[in-house]
Every structure is written in C-alpha cells, then in structure tokens.
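Here is the structure we will look at, set down as structure tokens.
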Amino acid sequence: MLVSVQQCSCHDRLLMKFTFPSLSDHQCEKFSNFAEMLMQANLQYNLTAVRNREEIYLRHFADSLMPLSVTDLDLFKRKAISMIDIGSGAGLPGLALAVARGGWSVTSLEATGKKVCFQQQVVDALDLANVRVIQGRAEEVAHEAIYRERFHLVTARAVASLTALVEIGLPFLRPNGLLLVWKGPAVEKEIDQAGHALDLLHGELEQVVEYNLREPASWLDVPVNEDYPDFNLVMIRKTSSLSSQKYPRNYNLIKNQPL
C-alpha cells in the first residue's frame, strides 16, 4: 500500500486548493486530494520529479488539462468518448482528464508496477468509476484485439519521440480518432521527422496549438517566471483503418530504427 487520502495533512489541504476554469468545487477537491496522495507517495517512491503542491497543480494538473482550455476541437467538448493514455506514469494526463470529464471512458496504460498500484489507489480514493488502469507495454497492448482501433482519443505526455508515438499510438485509434501529444518548444523538427510514420500509419497532422502555463499560474495564484517556455499540443488525426498488423514493432526497433 502506498498512501491514502486520510493519511495526508489537513493543515496542508487548507493552504492551497486547486482551481481550473469550468471545473466544479467537487472536481477541484478531487485534484487537491490527488496532489496529497502524490506528495505522500513521492516520499517513498520516485513517481515524479515534481514534488511540491504548487508545481503539481501547475506542471502536472493544469498542464494535463490544457487541451480542454486552448483547443476548439469538438472531441474535447463531447460528453462521452473512449480514450487511452499511454505511458501514463503517475496517472497524467489520464486521471486528470478523467476527473474533469466524468462521462469519458478512460484507460490508463502504464508498464511500471508501482505506478500502476499508485494510480489504482487514486482511482479508488477519488471514486473514478470511469477509469480502468492496466499494466503493460503500449507497443504490445496495441496488438490485443480488445484495444486495437477502439479509442476516440489517445494521449501521451512526456513519453517518447513523436515518430515513436505515431507508431505506438495510431494503432489504438479508430478511424477519425485523434492522437494528442504534449511537446516542448522545439516541435517542428519532430513533426518533420514523423512524416514517414504518419504516411505508413494513416495519420495526418491536424493542429499544433502553442500554450504557456503563465495563465493557469494566475488562476492558481502561483508565481511563475516571465520567460517560462512555450509548449505545444500536437494533434494527429487517423484517416483510415490499418489493414496491416505489423505496427507497432517491438520497442528496440521503434527506438533504434525509427520509421
């Protein structure tokens, strides 16, 4: 067992509450509890490099929710979709989006056992009935019939190169589904490098949305340096079904022989 909400400091909870536009007080309270669990778990396990409350709120939670704030695609406004978060780590962005969109069916896929265990504790503590946490490697799970071409949305945050994520992520998507990838400032080169993979896997670049965390920092009343870097949300549309079962390949090939 890692940690429960009841073990966390009530005094610390009163110091700062999470807030984000369009979320209810009840949803924001879930994020506050999520942060408490993450801070406590980080005392025992190296789940994330971000360890204090302010940074968890800004760099993990707000960052995970930015697609709901800065994009205008209809998909993010729909009440019910199926999504899978690959390489989900401590549950970000998957569990964060599950809190914000209670009607979405969210699968959180992570290979490391301690992180899967932590996520399941969060799901249970926050009563996230719309989440399924599974342990496995995405490039292997993508070949399983119950997951292949089943999802409207695939998310990946701080996981791998864009080329690798195209190969791993697009097989999970149903036709017309969307791959959403969080990337840093220098994204143009990665997009160029992913061109061949997009052609092979029936993907098409739909949007790249630049954003900065200065605005959510103001919502949270968190100080942030004015030269805080810009980030990018890369959105790739799957244009048609995949007839080939070849992709994704094993990870050594994905890493050492990129498409």
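The basis for the numbers below is simple: all heavy atoms, side chains too, and nothing from hydrogens, waters or symmetry mates.
Counted by atom type alone, Gln119 and Ser88 present one or more donor-acceptor pairs between their side chains at under 3.5 Å. In this structure, a donor-acceptor pair under 3.5 Å is absent between the side chains of Asp85 and Ser108.
With a 6.0 Å radius and a threshold of 12 heavy atoms from other residues, nucleotides or ligands, Asp25 has its CG atom at or below the threshold. Enclosure of atom CZ in Arg132 is not indicated, since only 12 or fewer non-hydrogen atoms of other residues, nucleotides or ligands lie within 6.0 angstrom.
Nearest heavy atoms, Ala41 versus Leu47: CB-CD1, 3.5 Å. Heavy-atom minimum distance, Ile254 versus Ala164: CG2-CB, 3.6 Å. When every heavy atom of Val159 is checked against every heavy atom of Gly87, the shortest pair comes out as CG2-O, 3.7 Å. Pairing each heavy atom of Gly94 with each of Val106, the nearest pair is O-CG1, 3.7 Å. Residues Arg53 and Ser32 come closest through the heavy atom pair NH1-O, 3.9 Å. Across all non-hydrogen atoms, the minimal contact from Met37 to Ala125 is SD-CB, 3.8 Å.
Applying the side chain to side chain donor-acceptor pair (under 3.5 Å) test to pairs two or more places apart or on separate chains, none has a residue in residues 89-105.
In this structure, Phe61 has its ring center under 6.0 Å from that of Phe34.
Judged purely by atom type and a 3.5 angstrom limit, Glu110 has no side-chain atom pairing as donor or acceptor with the backbone of Gln135. Distance alone, capped at 3.5 Å, places no donor-acceptor pair between the Ser69 side chain and the Met66 backbone. A donor-acceptor pair under 3.5 Å links the side-chain atoms of Thr239 to the main chain of His202, judged by distance alone. Formation of a donor-acceptor pair under 3.5 Å by the Arg148 side chain with backbone atoms of Ala142 is found in this model. In this structure a side-chain-to-backbone donor-acceptor pair under 3.5 Å is missing from Lys79 to Gly103.
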Item to complete: May I have the step-by-step check of side chain to side chain contact (heavy atoms under 4.5 Å, CB included) for His60 and Leu38, ending in yes or no?
Response: CA-CA 11 Å; His60 280 331; Leu38 187 53; 4.2 Å; yes

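Here the side chains of Pro248 and Pro171 are in contact, with some heavy-atom distance below 4.5 Å.
At a threshold of 4.5 Å between side-chain heavy atoms, the hydrophobic network of Ile, Leu, Val, Met, Phe, Trp and Tyr places Val181 and Met83 in two separate groups.
Of the candidates Glu140, Glu167, Glu139, Arg249 forms a salt bridge (charged side-chain N to carboxylate O under 4.0 Å, His left out) with just one, namely Glu167.
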